[in-house]
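Worksheet: one structure, shown below.
Since we're looking at a predicted model, the values are computed, not measured. Values reported hereafter were calculated over all heavy atoms of this structure, with side chains retained and with hydrogens, waters and symmetry mates removed.
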Number of protein chains: 2
Amino acid sequence: MNTSRGVRHDSMRARNLAVVLGEIRRSGPLTRAALADLTGLTKTTVSKLVSDLLEAGAVVETGVVRDGERGRPGVAVALSGHRVATLGLEINVDYLAACVVDLTRAVRVRRTRPADNRNSRPPTILRELRDLAHRAVAEAEALGLRVTGAALAVPGPVEGGLLRNAPHLGWRDVRVTGLVDLLDLPFEVDNEANLAALGELWFGSGATDFLYVSGEIGIGAGLVVDGALFRGTNGQAGELGHVVVMPDGPGCRCGGRGCLEVYAGQDALLGAVAPLSGRVAALPGAAAGMPAQAASLEGLAGLLEAGDPAARAACEEAGRALGTALTSAVHLLDPGMIVLGGSFGLLFPWLERPVGDVLSARLRQMRRTPPRLVASESGADAAVLGAAGLVIQRVIADPAGVLGL
Amino acid sequence: MNTSRGVRHDSMRARNLAVVLGEIRRSGPLTRAALADLTGLTKTTVSKLVSDLLEAGAVVETGVVRDGERGRPGVAVALSGHRVATLGLEINVDYLAACVVDLTRAVRVRRTRPADNRNSRPPTILRELRDLAHRAVAEAEALGLRVTGAALAVPGPVEGGLLRNAPHLGWRDVRVTGLVDLLDLPFEVDNEANLAALGELWFGSGATDFLYVSGEIGIGAGLVVDGALFRGTNGQAGELGHVVVMPDGPGCRCGGRGCLEVYAGQDALLGAVAPLSGRVAALPGAAAGMPAQAASLEGLAGLLEAGDPAARAACEEAGRALGTALTSAVHLLDPGMIVLGGSFGLLFPWLERPVGDVLSARLRQMRRTPPRLVASESGADAAVLGAAGLVIQRVIADPAGVLGL
DNA sequence: ACTATTAGTCCACAATCTGTACATAATCCT
DNA sequence: AGGATTATGTACAGATTGTGGACTAATAGT
């Protein structure tokens, strides 16, 4: 627990700026009078705070609100997308990505670079990422945006700026904060599953309480409770992939046996239909030249569409394993909803029934209603977007500090 | 998400009172000068705040600090146990309990009343609990204490003042907030496992990051991260008892199969040595006239001490199941430590090895070190104490509101 | 004894929010 | 159409609370 600092005049003002900006963010364009109502501050105070935010370029007046009520109409104030922006970055197994998002969470710049990172050494990739980041920032500046911070998504658990273990990259204990110096920006790093969950929060359906299940090559999850990410004690919560499904099942690369990943990881899913790969290649969805993984996953989807019994059986088994692991997750984490993302989002039509069946059979008596099961609304870029969104959140939570008010 | 209110002068002051009081709580007796350093407030402000807290009876001056440094010695200020207190209550299967705790978290009044609540109807029990509470409050007042709030621990999940489902009491959807009117105090209700976790936090070893496992008749758990309880979306997180250990194992009363409770619940543990109950009764520990459950649990412990192979095998199996469920819990919740409480605390010597073996075998590769496994420091009264402590926390977090400053 | 150093208090001052008053701009009602 | 009503947003004086430097008090070192 950190030392809790007292409130002084300047921090009172800083807090009130954040409250006003946060309320504008949360409840769309609002008049000063409405803001005064919502925040409990007086109209006078709100006026002063809003005029500071206008000057800083954080908000804009969007025009007079004529709502049919009588009385003088107010002037609506909304977040401004013209000045403040943040940078999201991602290192994944087969690509690097960068994006710039403005204060309204509109995506302004997107750059992706395919790369087979399995065969590269960390310094090389970090150099490439830095180039990508610089180009994205330059592009944003050309649009008149000021990039105020950055965050990076990596496919593995992070502890103090150190990527602890990314088995699919073959990296262990790699320091990934070197970008800070060059970009000269506030910088954060976090697990891809965590940031993808935040991507779903801010760029998805609008739900504020859910467990986002990230089905990539490994399986991770990020829990969002009341709009905030739950990280656990060491920031390693949500490792759904190694929840025990069958205590004496087949061995897993984590050293355990019968983990979820053994039954529902991408290798397991694709391996189950491997004998059919000839057929997969012949399907129209499987274009030549694409990375092997993606082609195979699309191939699997194609087989499923075509009603292939082996593919359906593989999905059925993976789905039931996922349902079993999610049962434990629901009991322990108590999520408001379950969102299947990544490859599980793609395969949702074939996973929904087996997963849902297991969940409802096992949870029916304990809970009035088991959490709803839905497919992710955000796509493959959830993690980069979540990274940029995380920094936007920091700006909104402390406009005074970040924008120098 | 609630409307976030702006900060006004009075809430600034309220916050600063809380900051000062919180710092006194956290870092023991402190001089005003030390408080100014820690909070970032000036000596002047701290002096004024402290004098208000002194007047309200929240703190006392404990005397001059002569630390050998040169310069005028300061006067240490510490929490006062003389005026402010709170009430903790508990309904469990075989007893009712009440306790009064002062601001220093010293237990001032303790009352327990054995009762076989399995065979009673809610109104009867609630009436008895109210009597117990009134007697405890009267006793506290005789000590010069002012009881400012109360909390109640119940053996089942709570949603909005409603005890949803307490299978071992046979209660469903019972409203347990009726005590408020009579006591005329702020009042809260929560799950016994959650409050026992808080009991461990405030009355146990002093750790601030752990998963408290409550082995009662059912099995629950409460996660504490950085001194705060994690409750999940509906306050139902930590239901360790129904984490899946073996997907197609024996049926559980929750409607699932192979839940942890099936393998390590009290019924399972005692049932495994049931054929030996004749021997149990003959052991010195099992005095006649005690409630059946307690006698059996002690009996089991007696058999274990005596090296009984069947009892040891039962513990071994339960321990391995617990280890399996805890593996999933560690992956999902990322606790800093695991504390075994309730009957698991009692049986710790025989559980430690099997649980620890499973945990370290399954977690070794994923984590530098698996979370440490320890027995609870607090006893059977963890939940009542946690309830009273919860209200104390409320007072410390908002002295202005509670004490009327 | 004298000096340096630290604790705690006093008082004038500064920062910020509040509350009332007022100009402004709609709708409602006759 | 015109006045009454109602709501928005700003101005100005006032209230609350924290700040900062000066001042007194109490101790250790020289």
Side-chain angles (χ1 to χ4, degrees), chain A residues 4-20 23-24 29-55 59-78 399-400 405, chain B residues 4-21 23-24 27 29-55 59-78 399-400 405:
Chain A
S4 44
R5 309 289 291 179
V7 182
R8 313 162 55 144
H9 287 129
D10 52 352
S11 44
M12 171 164 67
R13 185 170 190 76
R15 184 74 227 286
N16 283 340
L17 281 166
V19 166
V20 167
E23 210 60 45
I24 293 172
L30 289 168
T31 65
R32 292 168 175 78
L35 279 167
D37 265 7
L38 287 168
T39 59
L41 297 165
T42 60
K43 287 186 296 174
T44 307
T45 305
V46 169
S47 268
K48 275 187 288 192
L49 295 170
V50 166
S51 88
D52 281 5
L53 291 171
L54 281 168
E55 205 175 325
V59 299
V60 282
E61 295 190 331
T62 55
V64 171
V65 175
R66 206 172 279 100
D67 57 357
E69 298 285 309
R70 68 180 168 183
R72 171 178 168 180
V75 178
V77 176
L405 286 175
Chain B
S4 44
R5 308 290 291 180
V7 182
R8 310 161 55 143
H9 285 125
D10 52 352
S11 43
M12 170 164 69
R13 186 169 189 76
R15 184 74 227 287
N16 283 341
L17 281 165
V19 166
V20 168
L21 190 57
E23 210 59 46
I24 293 172
S27 310
L30 289 168
T31 65
R32 292 168 176 77
L35 280 167
D37 265 6
L38 287 168
T39 59
L41 296 166
T42 59
K43 288 186 296 174
T44 308
T45 305
V46 169
S47 269
K48 276 189 285 192
L49 294 169
V50 166
S51 88
D52 281 4
L53 290 170
L54 281 167
E55 205 175 324
V59 300
V60 282
E61 295 190 331
T62 55
V64 170
V65 175
R66 206 172 279 100
D67 55 358
E69 298 286 308
R70 67 180 167 182
R72 171 178 167 179
V75 178
V77 175
L405 286 175

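- Taken from CG in A/L30 to OG1 in A/T62, the straight-line distance is 9.5 Å, to the nearest 0.5 Å.
- In this entry the distance linking CE of A/M12 with P of C/dA14 reads 17 Å, nearest Å.
- We find that NZ of B/K48 is positioned 17 Å from C1' of C/dA7, with the value rounded to whole Å.
- Distances shown here put a side-chain N or O of A/N16 below 4.0 Å from the OP1 or OP2 atom of C/dC17.
- In this structure, B/V64 reaches neither bases nor backbone, as no heavy-atom distance under 4.0 Å exists between it and the strands shown.
- With rounding to whole Å, B/L17 atom CG is found 8 Å from D/dG18 atom P.
- Whole-Å rounding puts the A/R8 CZ to C/dC17 C1' distance at 18 Å.
- Atom P of nucleotide D/dA25 and atom CD of B/E69 are separated by 23 Å, given to the nearest angstrom.
- The side chain of A/A33 has D/dT8 as its nearest neighbour among D/dA26, D/dT8, C/dA7.
- The shortest side-chain heavy-atom distance between B/V77 and B/I24 falls under the 4.5 Å cut-off.
- Within 4.0 Å (heavy atoms only), A/G6 reaches no atom of the nucleic acid at all.
- Applying the 4.0 Å criterion to OP1 and OP2 of D/dG20, one finds that B/T42 has every side-chain N and O outside that range.
- Rounded to whole angstrom, the span from the CZ atom of B/R66 across to the P atom of C/dG8 amounts to 13 Å.
- Below the 3.5 angstrom threshold, one finds a donor paired with an acceptor across the side chain of B/R72 and the base of C/dA7.
- Annotation: side chain of A/L49 is not in contact with side chain of A/V19 (no heavy-atom distance under 4.5 Å).
- Residue side chain B/T44 does not reach the base of C/dC11 through any donor-acceptor N/O pair under 3.5 Å, judged by distance alone.
- Annotation: side chain of B/N16 is not in contact with side chain of B/V20 (no heavy-atom distance under 4.5 Å).
- Remark: A/S47 is not in phosphate contact with D/dG9, judged by side-chain N or O atoms under 4.0 Å from OP1 or OP2.
- The NZ-P distance, from A/K43 to C/dT24, rounds to 15 Å in whole Å.
- Along DNA chain D, the nucleotide closest to B/R70 and the one closest to B/D10 are compared, and the more 5′ of them pairs with B/D10.
- Atom CG of B/L41 is separated from atom C1' of C/dG8 by 15 Å (rounded to the nearest Å).
- The residue B/V75 sits close only to the backbone: its heavy atoms come under 4.0 Å of sugar-phosphate atoms, none of a base.
- In this structure, CZ in B/R13 is found 8.5 Å from OG1 in B/T45, a value given to the nearest 0.5 Å.
- For A/H9 and D/dT19, a side-chain-to-base donor-acceptor distance below 3.5 Å is absent, hydrogens and geometry of angles not being considered.
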